[in-house]
There are 2 protein chains.
Amino acid sequence: MLLTIDLDSDVPIYQQIRDRVVEAIADGELREGSALPSTRQLAADLAINFHTVNKAYDLLRRQNVIRINRKSGAVVRRDAASGPPGPGFADDWEPRLRTLFAEAAVHGMDPQEVLRRSAGVLDSFAPRRETPV
Amino acid sequence: MLLTIDLDSDVPIYQQIRDRVVEAIADGELREGSALPSTRQLAADLAINFHTVNKAYDLLRRQNVIRINRKSGAVVRRDAASGPPGPGFADDWEPRLRTLFAEAAVHGMDPQEVLRRSAGVLDSFAPRRETPV
DNA sequence: TCATCTGTTCTATTACTTATATATCAGATA
DNA sequence: TATCTGATATATAAGTAATAGAACAGATGA
């Protein structure tokens, strides 16, 4: 199974699918250019409605993570992670980092442990492909 | 103004209030034991319904960030950030860290820059109060 | 050619969430 | 006493999440 979801979670299913796909790309399980399952196929595998998968894929497309062609289906964008992030991305991303870290701080997690776990997560990701010469 | 919200955001208002309060605590703007505005007062300041503030405060209470007494109102918990975080907290927190970092990676943010920004956010927080002797 | 699978689009329904609006009550306060 | 507070109840309007069924056109492989 490429992807698992939790129907009991309060995170919407389409959001879980988006998150799992993004994580699979970061982990290197999904390479750039590789195809995702068809919406109907993934919906059948997950035993959910194909409209829900459609919504997740559309979200990934709007976030420039995948491309969707009528011909080749949903494909991980080759240029999603090439070059520096768009200028607007960090402006949207860092406040969310700040909120997440504040939550850890308030619950008593030591700053050093936050950094340790952060480094651990980053180490678990696949190394960036070298820019072709 | 203790707190500002964005009515145009797709983040629910009660969630924004929760996030801002958590951040204010991490920043040291809200000390442990200090009181939050009354629900009606904050609602008036923000020009929103007091039920929305009520929902935010109730969320903060269920997440053990504040205490609510009929007498003293909403107060930042003294023991929210004392001692190590509950064992279940990290299990809930780290997957969200992983999702956020995966998003950065997919959008081409360098792991070193992720770490740099992480350290920067942690540095912006107020130092933990020393455990009384 | 034919059957099938694909993405795309449309309408519809159910259940839940978000935010608002009133109203009431009891305890605390000045 | 008048006022502010938290707490609780009900109601409503708008939006979201997920489901369901249907239809169409392009692509695919037998």
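Chain naming here is simple, since letters A, B, ... match the order of the sequence lines and numbering starts at 1 in each. Note that the structure is a prediction, hence the values are computed from the model and not measured.
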Student: With the threshold set at 4.0 Å, does a side-chain nitrogen-carboxylate oxygen contact exist between Glu94(A) and Arg98(A)?
Tutor: no

Student: Do Ile13(B) and Val53(B) sit in the same hydrophobic cluster, where Ile, Leu, Val, Met, Phe, Trp and Tyr count as joined when their side-chain heavy atoms come under 4.5 Å apart?
Tutor: yes

Student: Per the end-axis method with five pairs at each terminus, what is the bend angle of the helix from dG7(C)-dC24(D) to dA30(C)-dT1(D), to 10°?
Tutor: 30°

Student: Whole angstroms only, please: what is the CD1-P distance between Ile68(B) and dT5(D)?
Tutor: 14 Å

Student: Does any non-hydrogen side-chain atom of Arg61(B) lie less than 4.5 Å from one of Val65(B)?
Tutor: no

Student: Rounded off to whole Å, could you give me the CG-to-C1' distance for the Leu36(A) and dT6(C) pair?
Tutor: 14 Å

Student: Do side-chain atoms of Trp93(A) reach the backbone of Leu100(B) as a donor and acceptor pair under 3.5 angstrom?
Tutor: yes

Student: Should Ser38(B) be listed as having a side-chain N or O under 4.0 Å from OP1 or OP2 of dC4(D)?
Tutor: no

Student: Could you tell me the separation between the OH atom of Tyr57(A) and the P atom of dT9(C), rounded to a whole number of Å?
Tutor: 17 Å

Student: Under 4.5 Å between side-chain heavy atoms, hopping through other hydrophobics if needed: is there a path connecting Leu59(A) to Ile5(A)?
Tutor: no

Student: Summarise protein proximity over nucleotides 18-30 of chain C in one line of letters, 5' to 3': B for base, S for sugar-phosphate only, - for none, counting protein heavy atoms closer than 4.0 Å.
Tutor: SSBBBBB-BS-S-

Student: Provide, to the nearest angstrom, the distance between the CG atom belonging to Asp45(A) and the P atom belonging to dC5(C).
Tutor: 14 Å

Student: Can you tell whether the side chains of Glu32(A) and Arg78(A) come within less than 4.0 Å, N to carboxylate O?
Tutor: no

Student: Please give, in whole Å, the distance from dA17(D) C1' to Asp10(A) CG?
Tutor: 13 Å

Student: Asp92(A): what forms a side-chain contact (heavy atoms from CB on, under 4.5 Å) with it, not counting sequence neighbours?
Tutor: Arg96(A)

Student: I'd like to know if Arg18(A) pairs up with Glu103(B) as an ion pair, taking the criterion as any Lys NZ or Arg NE/NH1/NH2 lying under 4.0 Å from an Asp or Glu carboxylate oxygen.
Tutor: yes

Student: Indicate whether any N or O donor in one side chain lies under 3.5 Å from an N or O acceptor in the other, for Ser72(B) and Asn69(B).
Tutor: yes

Student: Nearest-Å distance, CG (Asp58(A)) to C1' (dT16(D))?
Tutor: 15 Å

Student: Whole angstroms only, please: what is the CZ-P distance between Arg61(A) and dT8(C)?
Tutor: 8 Å

Student: Write down the distance between CG (Asn54(B)) and P (dA9(D)), rounded to a whole number of angstrom.
Tutor: 12 Å

